[in-house]
Amino acid sequence: MKPLIHKGMSEDRWFSFSIFEQLGNVGSEFERAASAFQRGDEARFEKAFERMLELLDLTIADPKSRTACRLRELLRLREAVCDVFHGNEVYGIAIDVLKKDFLYFGIAARAGR
């Protein structure tokens with residue numbers, strides 16, 4: 001297994017977060033990746049993109065995500081965020097649409113505290 005980029009984030013700790021907290025954190029990394037992508041800063045984009053995928057993969061691996069519907073939607077989300085930065089030929093989703101979607105998860109996570 002590839003070493004974690006988020007070294008302080010064990011699976012047990014990540015799995016203790018709600019889906020809202022998990023996707024809110026994924027969204028933070030998405031924001032960083034999107035900002036770097038739009039500025040043309042390839043080095044920062046690649047690092048943020050890797051961190052985002054790591055958190056999204058941890059979310060997908062979470063036993064709470066093992067319902068058929070949630071797993072399917074998380075895998076579709078992974079495809080969409082990859083597509084938006086690498087051609088945008090499959091889903092055709094704008095970066096701003098995904099930013100808005102992730103923002104709602106962050107808001108829901110804060111409301112749940």
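Count residues from 1 along the sequence.
Using a 4.5 Å heavy-atom cutoff, the side chains of Asn25 and Thr59 are not in contact. For the pair Val26/Leu77, no side-chain contact is recorded, criterion being any heavy-atom separation below 4.5 Å from C-beta on. Looking only at side-chain heavy atoms (C-beta outward), Arg32 and Met52 stay at 4.5 Å or farther from each other. Ile95 places a side-chain heavy atom less than 4.5 Å from the side chain of Gln38. Residues Asp41 and Ser35 have side chains not in contact (no heavy-atom distance under 4.5 Å, counting atoms from C-beta outward). Looking only at side-chain heavy atoms (C-beta outward), Glu29 and Glu54 stay at 4.5 Å or farther from each other.
Contacts of Leu71 classified as side chain to side chain contact (heavy atoms under 4.5 Å, CB included), with partners at least two apart in sequence or in another chain: Ile60, Arg66, Leu75. Here Arg70 pairs with nothing under the salt bridge (Lys or Arg N to Asp or Glu O under 4.0 Å) rule; sequence neighbours left out. Not counting sequence neighbours, the partners of Val90 by the side chain to side chain contact (heavy atoms under 4.5 Å, CB included) test are Asp83. Asn88 is linked by a side-chain hydrogen bond (donor to acceptor under 3.5 Å, both in side chains) to nothing, counting only residues two or more places apart in sequence or in another chain. Under the rule for a ring pair (Phe, Tyr, Trp, His ring centres under 6.0 Å), the partners of Phe85 that lie at least two apart in sequence or sit in another chain are Phe30, Phe37, Phe45, Phe49. Under the side chain to side chain contact (heavy atoms under 4.5 Å, CB included) criterion, Phe20 pairs with Ser18, Phe105, Ala108, Ala109, sequence neighbours left out. Take Tyr104 and apply the side-chain hydrogen bond (donor to acceptor under 3.5 Å, both in side chains) test, not counting sequence neighbours, and it matches no residue. When the salt bridge (Lys or Arg N to Asp or Glu O under 4.0 Å) test is applied to Lys64, the partners found at least two apart in sequence or on another chain are Asp62. With sequence neighbours excluded, the residues satisfying side chain to side chain contact (heavy atoms under 4.5 Å, CB included) with Arg72 are Cys69, Arg76.
The nearest pair of heavy atoms linking Arg78 to Leu56 is CA-CD2, 3.5 Å. Of all non-hydrogen atoms in Leu53 and Cys82, the two that sit nearest each other are CD2-SG, 4.0 Å. Counting all heavy atoms, side chain and backbone alike, Ser65 lies closest to Leu74 at OG-CD1, 3.4 Å.
Taking CD from Glu31 and NZ from Lys99, the interatomic distance works out to 5.0 Å, rounded to the nearest 0.5 Å. Separation of atoms CG (Leu23) and CG (Leu103) is listed at 13.0 Å; rounding is to 0.5 Å. The structure places CD of Glu46 at 11.5 Å from CZ of Arg51, a figure rounded to the nearest 0.5 Å.
Under a 3.5 Å cut-off, the side chain of Gln22 and the backbone N or O of Trp14 do form a donor-acceptor pair.
The number of heavy atoms from other shown groups lying within 6.0 Å of CD (Glu42) does not exceed 12.
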